[in-house]
Amino acid sequence: MLWTRTLIPTMKESPEGAEIPSHVLMLRAGLVNQVMAGAYTYLPLGLRSLKKAERIVREEMDAAGAVELSMPSMSSRSLWEQTGRVAAFGDVLIQLTLNRAGRKVNVVLGPTHEEIITDLVSRQINSYRQMPITLYQIGPKFRNEERPRFGVLRTSEFLMKDAYSFNASVESLGESYDAMYKAYCKIFTRCCLPFLPVEAESGPIGGDASHEFMIPAENGEDSVLHCAACGYAANQEKADVGSRDCTPPTDVAQKPLTKIPTPGAHTIEQVSAFLKCKPQKLIKTLIYVADGQPIAVLVRGDHDANEGKIRRARKASKLELASPEIIEKVTGAPVGFAGPVGMKEKIPVLADRDVERMVNAITGANENEAHLVNVNPSRDFTPDVYADLRNAVDGDPCPRCSERLALRHSIEVGHVFKLGTKYTEALNAKFLDADEQLRPIIMGCYGIGMNRIIAGLVETSHDADGIIWPMSLAPYEVVLTLVKVPDEASMKAAMELHEQLTAAGVEVLLDDRECRAGVKFKDADLIGIPLRVVIGDRGLKEGKFELKWRWTKDAEKIDVAGAAEKIADWVRAERQSGERFRSRQTEG
RNA sequence: CGGGGCGUGGCGCAGUCUGGCUAGCGCGUCUGGUUUGGGACCAGAAGGUCGCAGGUUCGAAUCCUGUCGCCCCGACCA
């Protein structure tokens, strides 16, 4: 491809508003163009990379035995009502009303495709002999995000690979799940992404086992806890806190319980500021409603309660924070002054393990504008149960090996989970088993955010000059930098090399713009093509081209004769292995 | 939805507080010339309803009201 024949609008300055590296560089390198908040055009360069990611995903899905199909973005709302997801998605679900011959037709734009594929399968699969089967597609998804942000990392329309497995048994589901898990590892490895599979909650989508594939990155929206010692990794919602000493220290004297007025202080920040103490001196008392029953949950002031853990501790299926009315009824005080003392007589009290060893703590007094100081567990209150009820934080003990967990921000690029029968039961997808019993089909589902592969790569692989693509995702594999366009010998050599490389199956971009060499070098670095060949009169006099990898500092010279074969060989090798790219990463 | 910021040629910005010449600057684009290995120089040119609407005023990019859009933080979230 000739540079002057395609569209690569590079920019020296980054557009106002772009802040994180992937967003800035994708705009500056002319990969994408913003249409509105959360919607982007993929320009030729960006689209080429996206298509390459798609190809890798297809190859690995096919190799793992999955079969591709394609489902529409539009579907009837009634299908989504059957699974309760019109309500579950809320405003995130994009709904349209169409006029058809005077009738109103309610349509949703698919945020994911469980309903549609399960509806299909309910008609087409009815015997255990037709399973296991895994079906996938790569297509657009629509989600009216509350706040699209970070360039293409969070958008209202995005490209997703979604796969769904249908199994006759839980064991079979496990095998399908493992196959997808392994395929994901191969995909992200081929994309040269530094990924980390982490244990995850399955979230509102339901199910009982799930892993997220994360790319550790400063600007990631998700938090994971990772143990460098044993490899344990889980997202913050899921991560367990390992065992630690929870017995109260014996060398600190317990002071007498005292009630003090705290006018206007009803948040942890306000109370700690008012009493000039750290939040970890406070016990946060949260009133939840678990399956209709109000309960009190105690965590240290600087910790966050974890609803999944609370739900499990109570074996509750539904859990939500109590309304101000219920809180007032239960505690006898407005929101902000709840405390555990005397609470046990009224409602169940659950406390996080870290609360047990607190001494002379501060809590609400269950009375307007008042707190208790020098509250001591056991002496002043005893919860019904101590359990792990909070989000893990940086430095917590690992649940496996007790070393310290490290908190890392990350970008979620993939998610695999075992769904079970949530959708198949709702949509009546049953099959006849070998023992002639009618059973619901067991499902798994597996997603990859295609745009996040691209953004995640840019986010983790760039330098001051621009993007650094691995060969496997680069929009072009080789850029030919023609130093002097008017020089006939140079142009002839460039065209010949371009032709030879193209014939050898190498993706080449020839920079034939009539501008100074410096501009071309800067742009080549910005768009990040892995291999650059400089064609100039200086080198040609010696019968040489100059060759440089994007991530190395120095160029090497190669003979014009036989250059195409050599370059093609290197490109092919690097395309497969990514070895050179990775060695640069470890160098920092 | 709460808090903050912004909207002026394709891109980045100044001008707005304190209303007043023909709305500027840098980059980019076009023409001509000199250049030519890490974002050249000279000369000239094109390109703007100052987000939109209404109002105040002799006069509005600037003041007032409304509205649309964009970005950041938070809340929320496969």
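Small disclaimer: the values here were computed from a predicted structure and weren't measured. Just so it is clear: chains get the letters A, B, ... in the order the sequence lines come, proteins before strands, and each one is counted from 1.
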Q: Answer yes or no: side-chain N or O of A:E13 and base N or O of B:G26 forming a donor-acceptor pair under 3.5 Å.
A: yes

Q. When the nearest nucleotide of RNA chain B is assigned to A:G447 and to A:G38 on a heavy-atom basis, which residue is associated with the more 5' position?
A. A:G38

Q.
How many whole angstroms separate atom CD of A:E19 from atom P of B:G4?
A. 18 Å

Can you give each donor-acceptor pair under 3.5 Å made by side-chain atoms of residues 5-19 of chain A, sequence neighbours left out, with the distance rounded to 0.1 Å?
unit_1, atom_1, unit_2, atom_2, d
A:T10, OG1, A:D523, OD1, 3.1
A:T10, OG1, A:D523, OD2, 3.3

Q: Take atom P in B:A23 and the same atom in B:U18, then report the distance between them in whole Å.
A: 24 Å

Q | Whole-Å gap separating C1' (B:C77) and CD1 (A:I411) | A | 17 Å

(Q) Checking contacts here: which listed nucleotide (B:C71, B:G12, B:C72) is nearest the side-chain heavy atoms of A:F150? (A) B:C72

Q: To the nearest Å, give me how far apart CZ (A:R147) and C1' (B:C72) are.
A: 6 Å

Q | Distance, C1' atom - from B:C1 to B:C64, rounded to whole angstrom | A | 28 Å

Q.
Looking at B:C73, I'd like to know if its phosphate oxygens (OP1 or OP2) sit under 4.0 Å from a side-chain N or O belonging to A:R149.
A. yes

Q | Partners meeting salt bridge (Lys or Arg N to Asp or Glu O under 4.0 Å) with A:E145 (sequence neighbours left out) | A | A:R154

(Q) Applying salt bridge (Lys or Arg N to Asp or Glu O under 4.0 Å), can you list everything that pairs with A:E425, at least two apart in sequence or on another chain? (A) none

Q. Looking across every strand, which nucleic acid part, if any, lies under 4.0 Å from A:E145 by heavy atom: base, sugar-phosphate, or nothing?
A. nothing

Contacts under 3.5 angstrom, residues 176-185 of chain A side chains, donor-acceptor by atom type, not counting sequence neighbours:
unit_1, atom_1, unit_2, atom_2, d
A:S176, OG, A:N167, ND2, 2.8
A:S176, OG, A:S172, O, 3.4
A:Y177, OH, A:H211, N, 3.1
A:Y177, OH, A:H211, ND1, 2.7
A:Y184, OH, A:K161, NZ, 2.8
A:Y184, OH, A:Y446, O, 3.2
A:Y184, OH, A:G447, N, 3.0
A:Y184, OH, A:G447, O, 3.1

Q: Give a yes or no on whether the ring-centroid distance for A:Y164 and A:Y136 is below 6.0 angstrom.
A: no

Q) Say you pick atom C1' in B:C52 and the same atom in B:U8; how far apart are they, in whole Å? A) 14 Å

**Q.** A:L27 CG - B:C11 P separation (whole Å)
**A.** 11 Å

Q: Determine, for nucleotides 35-45 of chain B in 5'-to-3' order, which nucleotides have protein heavy atoms under 4.0 Å from the base (write B), from only the sugar-phosphate (write S), or from neither (write -).
A: BSBBBB-----

Q. With respect to the side chain of A:R154, which nucleotide from B:C73, B:C77, B:C6 is positioned closest?
A. B:C77

**Q.** Residue list, side-chain contact (heavy atoms from CB on, under 4.5 Å) with A:A217, at least two apart or on another chain
**A.** A:I411, A:E459, A:T460

Q: Nearest whole angstrom, please: distance from the P of B:C77 to the CD of A:E307.
A: 8 Å

Q. With sugar-phosphate meaning primed atoms plus P, OP1 and OP2, does A:S14 contact a base, only sugar-phosphate, or nothing at under 4.0 Å between heavy atoms?
A. sugar-phosphate

